[in-house]
2 protein chains.
Amino acid sequence: MTVKIFSVEDEESLVSLLEYNIKSSGYDFYHAGTAYQGMIDIQKVKPDLILLDWMLPDQPGTEICKFIRSHESLSETPIIMLTAKGEESDLVSGLNIGCDDYLLKPFSPKELIARINALLRRSKNKNKESILEFENIKMNTDTHRVYCCNKEAKLGPREYSILEFLMKKPGRVFTRQQILDSVWGTNVYVSDRTIDVHIRRLRQALSTTEECKVIRTIRSSGYSLDIEA
Amino acid sequence: MTVKIFSVEDEESLVSLLEYNIKSSGYDFYHAGTAYQGMIDIQKVKPDLILLDWMLPDQPGTEICKFIRSHESLSETPIIMLTAKGEESDLVSGLNIGCDDYLLKPFSPKELIARINALLRRSKNKNKESILEFENIKMNTDTHRVYCCNKEAKLGPREYSILEFLMKKPGRVFTRQQILDSVWGTNVYVSDRTIDVHIRRLRQALSTTEECKVIRTIRSSGYSLDIEA
DNA sequence: TTGCAATGTTACATTTTTGTTACATTTCTT
DNA sequence: AAGAAATGTAACAAAAATGTAACATTGCAA
């Protein structure tokens, strides 16, 4: 079965780049140059994934986003927003508009394909929940993006894994050993103190703007995802 | 308390290697040379963890696996399967049958011990009731939070452990020595009076708002979790 | 290559916990 | 009631746990 990817993009050179890479990865490529044409064609094509430029000649890409989400037959289609530097508003990064991921231009083809694949994988088995949420922390396990207070938090791989582990059982206290077993794997020899350092890095990364303390230290026991009492 | 590890293995040289390393790590070692004998002895010994050879003279190790899983009193026992190279293709079925981990021969003793430790840690934390309640005290061992009259009580680690110990047998009187043995561990030399101090700290921490006396002093005997007469 | 990001460790700073002691208070015994 | 024994209480110094910053190493990408 063919997988259809639809791009709404006015910049010629970018279109051919997209087309080349997407076709190379074995997907069908469809395209429109304006928001208006896009909304028309998307209904006909019924693509499996949509790439939207943030800036379009007639209307902003966000309008297409709203349009798609409000149409029953399309509303589940994953959307990736393409934005130029400087256009990154909290809207995009907070993913409040309803897109599933975004990419900052210029992006590497490798990254583009990786993110497309991640989203397609999810929508294939859509029964699986890919959004973890706790308090003001939001985590998308498909795109590996993390948001704290609607602002994106950039985590390293280890920090991400630790947070994901904690998010699966919010409030529950884990020993350093349990975190090690889960994140590093059982047959690895790593100092307990390493956890402390990564916890610090995680806390730091989550302190985007405001003070949002969500990782609790339980002295002589371990850590947990929880609000301080 | 001793931890018992049972191995079903016919290869002599491997048995002595196992025995040496397992005993060195402070575990008791038990052994049978055939699947048949293994099934007999495992019921008697009731080990904490089982090592099964994939290939045995009379029956494949997977049979023992099934046998164990179908016996109420043994079904929670973690199992590690030992397989020679080339038998890996069947690994899938091995894991499906219900073993918890596997090791490819030849394996390093370090790796073996690491995995044993990991599985023992996991099974220890399993069947543990996470909510303890007595009168107006509520204790969640998952989150390590304690509530007294619906208000959170902040306890130090020692106080927490003592309370947890008392909560498991409400009303029962424990001597200072019993509390020491349980919370501090045996072979530790600490003054009896230390208990008194911690009991005071515990009482104080539990006096959140109102006077709620739940720790009773039994003169010349010890303490118990109980309402004052 | 070079540079960069991620990682794990270490050393040091800071905070919290802990066990002991001395003294006060209560309870029991005579 | 006095004295002895047991327990409550407060203060303190040592020890332990955790936070923090800096560093060496590694792997990877430009």
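Scope of the values below: all heavy atoms of this structure, side chains included, with no hydrogens, waters or symmetry mates. Here is how names work: the chains are called A, B, and so on, in the same order as the sequence lines, proteins then strands, and each is numbered from 1.
With hydrogens and angles ignored, no donor-acceptor pair closer than 3.5 Å exists between the side chain of A:R158 and the base of C:dA6. The base of C:dT10 lies outside donor-acceptor range of the side chain of A:R193, with no N or O pair under 3.5 Å.
Atoms CG (A:D192) and P (D:dA16) sit 16 Å apart, rounded to a whole Å. At whole-Å resolution of the value, CD in B:Q204 and P in D:dT9 are 8 Å apart.
Picking from D:dG19, D:dT9, D:dA16 the nucleotide with the shortest atom distance to the side chain of A:Y223 gives D:dG19.
Between B:F29 and B:F6, the ring center distance fails the sub-6.0 Å criterion.
Phosphate proximity of C:dG8 to A:W184: present, with a side-chain N or O under 4.0 Å from OP1 or OP2. Between B:T194 and C:dT20, a side-chain N or O to OP1/OP2 separation shorter than 4.0 Å is present. At D:dG8, one or more side-chain N or O atoms of B:T217 fall inside 4.0 Å of OP1 or OP2 (strictly under the cut-off). Note on A:R201: every side-chain N or O is 4.0 Å or more away from OP1 and OP2 of D:dG19. Within the structure, a side-chain polar atom (N or O) of A:R203 is placed less than 4.0 Å from OP1 or OP2 of D:dG19.
A:Y160 comes within 4.0 angstrom of no nucleic acid atom, judged by non-hydrogen atoms across all strands. Residue B:I218 is in sugar-phosphate contact alone, with no base atom involved, counting any heavy-atom pair closer than 4.0 Å across all strands shown.
Of all the heavy atoms in A:P109 and A:N21, the pair that sits closest is CB-OD1, 3.3 Å.
For the pair A:R176 and A:R200, both in contact range of DNA chain D, the more 5′-proximal nearest nucleotide belongs to A:R176.
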